[in-house]
Amino acid sequence: MLEDKKTKVKITFLVILVGISSMLAAVVTDHWAVLSPRVERLNTTCEAAHFGLWRLCKKSIFIVEEDPQGKGCGPISLPGVKNCSYFKHFTSGEEAEVFEVKTQKEYNISAAAIAIFSLAFMTLGSLCLLGAFGKGRDYLLRPAGMFFAFAGLCIVISVEIMRQSVKRMIDSDETIWIEYYYSWSFACACASFTLLFLSGISLLIISMPHMPRNPWETCMDAEPEPID
């Protein structure tokens, strides 16, 4: 690999590491969205919630003053009793029916499954990219770029599914939530999509064959790249 190309690959690899870190933070945390019911009066307890791919956390908050931004419960940072439960995607009976109505189980299953595919693509891309630093293995840059681009696409699909899940939960008559906003886990997922997808495209561009230096120089008789 040429020294100039190796430098570009190293810089891209650093960006990819940031993207992978952001995606891992989004996958393992549960602050994708914060949901809030309407607060009708002060000096009462309300229940806000935040959730991610794997679990839903509810927090009982005692409201003593009005929210300056609206009449919702919160902010979620206020002290209160917190109760988190992992999504039971495979329960049966009445509990499963109630769970499916209130949390849109099919949406969360889809988002979590696609996020796992994204992690698999990131792992394959990382292995290919590390292998590309070996002698005469420039050809691994192309599959690495494709894997990272696919990982980014999976992330943005998962983000959109979660967004639709939140919308359905807010619009449903079966839930108490009337206000929502996307939190820092959601932002990490969006940042990861941007970094990984653009890095994947960059690796594909870097892996393109050596271009002729002069107008009269064809691709066939251009000087071959030296092999380390």
Side-chain angles (χ1 to χ4, degrees), residues 1-33 52-54 108-164 182-228:
M1 187 186 298
L2 292 175
E3 194 63 32
D4 181 56
K5 179 184 288 188
K6 184 179 293 187
T7 301
K8 294 178 181 178
V9 172
K10 288 181 178 179
I11 294 175
T12 305
F13 188 41
L14 292 176
V15 176
I16 287 172
L17 289 178
V18 176
I20 292 176
S21 300
S22 298
M23 183 54 187
L24 291 176
V27 169
V28 301
T29 55
D30 43 42
H31 284 78
W32 284 62
L53 296 174
W54 313 107
N108 289 91
I109 291 176
S110 300
I114 294 174
I116 292 175
F117 278 116
S118 176
L119 293 176
F121 282 131
M122 286 191 293
T123 301
L124 293 173
S126 299
L127 292 175
C128 290
L129 187 54
L130 291 175
F133 287 104
K135 186 176 181 180
R137 294 181 179 177
D138 295 16
Y139 59 89
L140 290 176
L141 290 177
R142 192 166 300 173
M146 295 177 64
F147 283 134
F148 284 120
F150 289 153
L153 291 176
C154 287
I155 295 169
V156 76
I157 293 173
S158 183
V159 165
E160 177 59 22
I161 292 175
M162 291 294 283
R163 196 180 69 84
Q164 292 298 324
Y182 298 107
S183 193
W184 59 269
S185 297
F186 188 88
C188 285
C190 294
S192 178
F193 155 68
T194 303
L195 295 175
L196 291 179
F197 184 77
L198 294 180
S199 297
I201 299 299
S202 298
L203 287 177
L204 290 175
I205 294 175
I206 293 172
S207 65
M208 292 177 63
H210 172 69
M211 298 300 292
R213 297 177 181 175
N214 302 313
W216 56 84
E217 185 180 315
T218 64
C219 293
M220 296 299 297
D221 59 13
E223 295 180 11
E225 294 184 357
I227 301 177
D228 294 338

Practice task
List in chain and number order the residues that pass side-chain hydrogen bond (donor to acceptor under 3.5 Å, both in side chains) with S126, two or more places apart in sequence or in another chain; answer none if no residue qualifies.
Solution key: none
Exercise for the section: Please identify each residue that fulfils side-chain hydrogen bond (donor to acceptor under 3.5 Å, both in side chains) with S118, with sequence neighbours left out. Expected result: none
Output a table of donor-acceptor pairs, distance under 3.5 Å, between side-chain atoms of residues 150-161 and any protein atom two or more places apart or on a different chain; print 'none' if there are none.
| residue | atom | partner | partner atom | Å |
| --- | --- | --- | --- | --- |
| S158 | OG | A111 | O | 3.0 |
| E160 | OE1 | R163 | NE | 3.0 |
| E160 | OE2 | R163 | NH2 | 2.9 |
| E160 | OE2 | Q164 | NE2 | 2.9 |

Exercise for the section: Return yes when atom CZ of F13 has more than 12 non-hydrogen atoms of other residues, nucleotides or ligands closer than 6.0 Å, and no otherwise. Expected result: yes
Practice task
Could you name each residue pair satisfying side-chain hydrogen bond (donor to acceptor under 3.5 Å, both in side chains) that touches residues 16-29, not counting sequence neighbours?
Solution key: T29-S185
Exercise for the section: Identify, with sequence neighbours excluded, every residue that meets ring-ring contact (aromatic ring centres under 6.0 Å, His included) alongside Y182. Expected result: Y180, F186
Problem - For F147, all residues meeting ring-ring contact (aromatic ring centres under 6.0 Å, His included), sequence neighbours excluded - result: none
Problem - Any donor-acceptor pair under 3.5 Å from W32 side chain to A26 backbone - result: yes
Exercise for the section: For the pair S183 (side chain) and A33 (backbone), establish whether a donor and an acceptor sit closer than 3.5 Å, ignoring hydrogens and angles. Expected result: no
Problem - Shortest non-hydrogen contact from L141 toward A132 - result: CD2-CB, 3.6 Å
Problem - Considering all heavy atoms, the nearest R142-L204 contact - result: O-CD2, 3.4 Å
Exercise for the section: List in chain and number order the residues that pass side-chain contact (heavy atoms from CB on, under 4.5 Å) with L119, two or more places apart in sequence or in another chain; answer none if no residue qualifies. Expected result: M23, L24, V27, M122
Exercise for the section: Just jot down the side-chain contact (heavy atoms from CB on, under 4.5 Å) partners of V15, sequence neighbours excluded, or say none. Expected result: L195, S199
Spacing of [atom1] belonging to [X] relative to [atom2] belonging to [Y], to within rounding of 0.5 Å:
X	Y	atom1	atom2	answer
C188	H31	SG	NE2	11.5 Å
K6	D138	NZ	CG	9.0 Å
I16	L198	CD1	CG	11.0 Å
L53	I116	CG	CD1	9.0 Å
I201	I206	CD1	CD1	11.5 Å

Exercise for the section: Carefully, step by step, assess V9 and F133 under the rule side-chain contact (heavy atoms from CB on, under 4.5 Å). Expected result: CA-CA 9 Å; V9 172; F133 287 104; 3.6 Å; yes
Problem - Heavy-atom check, side chain of L129 versus side chain of F148, under 4.5 Å - result: yes
